Amino acid sequence: MTVRQAGRKNHGVRERVEVSRDLVLRRWAVRDAASVRAAFADPLMREQTGRPIVSPEDAERADEWEGGSAFAFAVVDGASDGVLGHVSVGAVNRRHSVGWVSYWTTAAARGRGVASLACRVLARWAFDEAELFRLELGHRVNNPGSCKVARAAGFSVEGRQRQKLAYDGIRYDVELHARLSTDPEPLAAASRPVAVAPPVSTRACT
């Protein structure tokens, strides 16, 4: 997988990563506002976040980017610039070089390898440019789709956090995954993501 150098700003880290003709990771922009609102109009998406996300600024957390404590990318179609999803590394602990990964994709993008490829690219970016050593992520144990993405992106299972999350009065266990900068690169998927239309509805992966 070749990632072209582009959009390098803010202390040497790129704000745009061109993965292929069909897939680009870029910093969220004002023009994405309608796509973000459409994504989180879905109740299944709203329950995945602790605060409302109604604008690119909410998704991007710009103040945290500038401070180096969180970095969020829109995952977009390389040709149309339509939003396919979101990947981010946040809760960055500089002392220990650790960050927390999260992601979501649109309904139209699912099943095409978009999330796993974007997550792999984000991890490599976080190791090489944000200078992190360990990345963590977690998903509810009843979310096999998110588990599949994590494994495909090279995140190994490390354990279970009992009844960590609560939705509608029900508590859920969370499976914890992690990837180290010294871990081998995961095998690439057999086929690359294809261009898809912008979403009408979405569902969170984490």
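Note that the structure is predicted; figures quoted are calculated from it, not measured.
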If you round to the nearest 0.5 Å, how far is OG1 of Thr105 from CZ of Arg112?
-> 11.5 Å
Go through the steps to decide whether Cys147 and Glu175 satisfy the test side chain to side chain contact (heavy atoms under 4.5 Å, CB included), and finish with yes or no.
-> CA-CA 8 Å; Cys147 186; Glu175 187 169 80; 3.3 Å; yes
Can you name the residues that form a salt bridge (Lys or Arg N to Asp or Glu O under 4.0 Å) with Glu131, not counting sequence neighbours?
-> none
Taking all heavy atoms of Val87 and all of Ala118, pick out the closest pair and write down the distance.
-> CG1-CB, 3.8 Å
Considering residues at least two apart in sequence or located in another chain, which fulfil the ring pair (Phe, Tyr, Trp, His ring centres under 6.0 Å) criterion with Phe155?
-> none
Arg94 atom CZ: more than 12 heavy-atom contacts under 6.0 Å | yes
With the side chain counted from C-beta on, respond yes when Leu25 and Glu18 share a heavy-atom pair under 4.5 Å apart, and no when they do not.
-> no
In terms of heavy-atom contacts, Val92 and Ala70 come closest through CG2-N, 4.3 Å
Can you see which heavy atom on Asp173 is nearest to which on Gln163, and at what distance?
-> OD1-N, 2.6 Å
Please assess Glu15 against Arg26 for the test salt bridge (Lys or Arg N to Asp or Glu O under 4.0 Å), listing each intermediate value before the final yes or no.
-> CA-CA 6 Å; Glu15 296 182 358; Arg26 62 162 173 78; over 6 Å; no
Val89, Val13: one ILVMFWY side-chain cluster at the under-4.5 Å cut-off?
-> yes
To the nearest 0.5 Å, atom CG of Leu135 lies from atom CH2 of Trp100 at 11.0 Å
Atom CH2 in Trp104, atom CG in Leu84: separation rounded to 0.5 Å?
-> 9.5 Å
Hey, are Arg134 and Glu158 close enough for a salt bridge, meaning a charged N less than 4.0 Å from a carboxylate O?
-> yes
At their closest point, which heavy atom of Val75 faces which heavy atom of Leu23, and how far apart are they?
-> CG1-CD1, 3.4 Å
Side-chain ion pair, Glu185 and Arg124, N-O less than 4.0 Å | yes
Note, Val98 side chain near Phe133 side chain (heavy atom, < 4.5 Å) | no
Reported CG-to-OG distance for the pair Leu122 and Ser102, which is rounded to 0.5 angstrom = 8.5 Å
Evaluate the side chain to side chain contact (heavy atoms under 4.5 Å, CB included) criterion for residues Val101 and Cys119: first the C-alpha distance (whole Å), next the side-chain angles of each, then the deciding distance (0.1 Å), finally the verdict.
-> CA-CA 8 Å; Val101 170; Cys119 203; 3.9 Å; yes
Common cluster, Val141/Ile170, ILVMFWY with side-chain heavy-atom separation under 4.5 Å = no
Mind checking whether Tyr172 and Tyr167 have parallel, tilted or perpendicular rings, split at 30° and 60°?
-> tilted
From Arg31 atom CZ to Asp81 atom CG, the distance as rounded to the nearest 0.5 Å = 4.5 Å
Any donor-acceptor N/O pair, Asp32 side chain to Ala29 backbone, under 3.5 Å | yes
Decide yes or no on side chain to side chain contact (heavy atoms under 4.5 Å, CB included) for Val17 and Val24, but give the supporting numbers first.
-> CA-CA 6 Å; Val17 183; Val24 172; over 6 Å; no
Parallel under 30°, tilted from 30 to 60°, perpendicular over 60°: which one fits the rings of His139 and His177?
-> tilted
Is there side-chain contact between Pro186 and Arg120, with at least one heavy-atom pair below 4.5 Å?
-> yes
Have a look at Phe73 and tell me which of Tyr103, Trp28, Trp125 forms a ring pair (Phe, Tyr, Trp, His ring centres under 6.0 Å) with it.
-> Trp125
Shortest non-hydrogen contact from Gly113 to Ser116?
-> O-OG, 3.3 Å
Least distance between heavy atoms, Glu136 atom then Leu176 atom | CB-CD1, 4.4 Å
Is the number of heavy atoms from other residues, nucleotides or ligands under 6.0 Å of Arg162 CZ greater than 12?
-> no
Just do the side chain to side chain contact (heavy atoms under 4.5 Å, CB included) check on Phe71 and Arg27 with the steps written out, would you?
-> CA-CA 8 Å; Phe71 306 93; Arg27 192 167 173 179; over 6 Å; no
Out of curiosity, Asp77 CG to Asp22 CG, how far, rounded to the nearest 0.5 Å?
-> 6.0 Å
